Number of protein chains: 2
Amino acid sequence: MLTIATANVNGIRAAFKRGMGGWLDDRKPDVLLLQEVRAPDALLADFFPAGWHLAHSEAEAKGRAGVGIASRLPMSAIRIGLGQGVPTNTGRWVEADLELPEGGALTVVSAYLHSGTVGTPSMDEKYAFLDLVSARLAELTAGGGRVVVGGDLNIAHAAVDIKNWKGNLKAAGFLPAERAYLDRWFGAGWRDLGRELGGDGPGPYTWWSWRGKAFDNDSGWRIDYQLATAALADAARTATVDRAPAYDQRWSDHAPLVVEYDL
Amino acid sequence: MLTIATANVNGIRAAFKRGMGGWLDDRKPDVLLLQEVRAPDALLADFFPAGWHLAHSEAEAKGRAGVGIASRLPMSAIRIGLGQGVPTNTGRWVEADLELPEGGALTVVSAYLHSGTVGTPSMDEKYAFLDLVSARLAELTAGGGRVVVGGDLNIAHAAVDIKNWKGNLKAAGFLPAERAYLDRWFGAGWRDLGRELGGDGPGPYTWWSWRGKAFDNDSGWRIDYQLATAALADAARTATVDRAPAYDQRWSDHAPLVVEYDL
DNA sequence: CTTTTTAAG
DNA sequence: CTTAGAAAG
């Protein structure tokens, strides 16, 4: 059984200070897809010493974004960024080809999409990046191989994926135009393992604002995903969001999404 | 007995979080001269509710400098800043005239001089401000009244006022030109109560860097003072720096200088 | 309400 | 090494 976890850590230093290390020791994922690392390369390596293989896309803007892949399996290739010419060093996309124990390959991707704010340029950047992701997803399915794209997409797909969906119909992260991207990806064969193996909902959510009692009230959003190609999806056995009460310690505003694959 | 304390709090919010409130309850000064308040007016007032009279000079630059006077005695006048035309709102000088219980008046000043860095414009600003202070001190002595100027002058007067004096002969805070200002003020009759009542030294120091083990090694500087006019100085009975072991909790990089006056 | 960075000390 | 503010989430 191969365990792949995705987690927006909201600053890996803060996360470890708040107890991420305990979760890691307990869960022991084989592959960890990280978003919002918010640290330089050398610093990330400190948290994953001997035994881990690392891929990391640091953002040019210090302390912002940053995606990483920590893997117990060796990496045969690493690809950083999406698109060309246009800002590729934004710390939002990193891929690694892994060598499975029984032989064969698995491509894992850690993705971090823009949060976006309606009426600001960040929304245009989000859509532009979504277009790049769409193009790359098409390439990744074309080969027919095993691929998982995990990360914080900063979009809730449907009403069951967000507690206060009525109040957020005009909010970034639940706009019809954003959700349509997910519709298209799923229509093209990408499988939403968190939903398929997580029940019909509402929930489980993966993100809660730090403000007020959002977490205690489970007033959250499901914006973290593991999207798998057909070749991989059928091997998925369980999908779990590691939040309270099973995992009580809150070391990020997101909770990890952990999927077990029969590989 | 009237107790006047001066303290560079290095951010009043952080100081209270670290235990300044306990010190205040224990020491119960009648007058508290504050430097580096680093907070807006309204916020300072929150820490000194009913029973306190407040004077406050907030710096224009938010979160920087800021001097205040908190007094159990009523204030008959408040004067903010030094000089005119030139930046007067730098949060470095505030005066209050207090009404003594037995009748009579006492002028108290809270002063915060620039730290300064050799070879930078901040050094010129420090000297320019020192000139303004010299002029104001002359005015304050002219009346022959009781005046105390307390605060962080960011200058150690003599070798006994700094642990590593040899290593700091070319460092801001111990430059001959800076120390000459203190010489002139003392020559003009201002009395250095911390030294007069604190023994011959070396020490006691009032500031230690946060870095390394400066505090544990008592590798400090005496840069906080209570300077009194002749009319007031003879009433001073004790001068104490509230640092470990008597006061163990460190809630600022400075320790308070507390003087008891027989008034 | 939290993150890392910044400038200042 | 710490403070508070800044920008971003």
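A quick note: this is a predicted structure, and the numbers were derived from the prediction, not measured. No hydrogens, no waters, no symmetry mates; every other heavy atom, side chains included, goes into these values. Throughout, protein chains are lettered first and strands after them, A, B, ... in sequence-line order, and every chain is numbered starting at 1.
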Next on the checklist: Can you measure Gln35(B) atom CD to dA8(C) atom C1' for me and round it to whole angstrom units?
Outcome noted: 17 Å
Checklist entry - Got a donor-acceptor contact below 3.5 angstrom from the Tyr225(A) side chain to the Ile155(A) backbone? => result yes
Next on the checklist: Taking the basic N atoms (NZ, or NE/NH1/NH2) and the acidic carboxylate oxygens, is any pair closer than 4.0 Å for Asp248(B) and Arg243(B)?
Outcome noted: no
Next on the checklist: Can you measure Ile223(B) atom CD1 to dG9(C) atom P for me and round it to whole angstrom units?
Outcome noted: 12 Å
Next on the checklist: What is the distance, to the nearest angstrom, from the CG atom on Leu44(A) to the P atom on dT4(C)?
Outcome noted: 13 Å
Checklist entry - Taking CZ from Arg18(B) and P from dT2(D), how many angstroms apart are they, rounded to a whole number? => result 6 Å
Next on the checklist: Would you say Arg250(B) places a side-chain N or O within less than 4.0 Å of OP1 or OP2 belonging to dT2(D)?
Outcome noted: no
Item to check | Qualifying side-chain hydrogen bond (donor to acceptor under 3.5 Å, both in side chains) pairs with a residue from residues 162-172 of chain B, counting only residues at least two apart or across chains | outcome: none
Checklist entry - When the distance from CH2 of Trp208(B) to C1' of dT2(D) is rounded to whole Å, what number comes out? => result 16 Å
Next on the checklist: Both conditions, 6.0 Å and 45 degrees, for the charged tip of Arg250(A) above the ring of Trp210(A): are they met here?
Outcome noted: yes
Checklist entry - Base, backbone or nothing for each nucleotide of nucleotides 4-9 of chain D, written B, S, -, heavy atoms under 4.0 angstrom, 5' to 3'? => result SSS-SB
Next on the checklist: In whole Å, I'd like the distance from the CZ atom of Phe215(B) to the P atom of dT2(D).
Outcome noted: 13 Å
Item to check | Euclidean distance, atom CG of residue Leu43(A) to atom P of dT3(C) [Å, nearest integer] | outcome: 15 Å
Item to check | Asp192(B) and Arg222(B) ion-paired at < 4.0 Å | outcome: yes
Next on the checklist: Strictly below 4.0 Å, N to O, side chains only: are Lys126(A) and Glu178(A) in salt-bridge contact?
Outcome noted: yes
Item to check | Atom-pair distance (CG on Asp216(A); P on dC1(C)), nearest Å | outcome: 12 Å
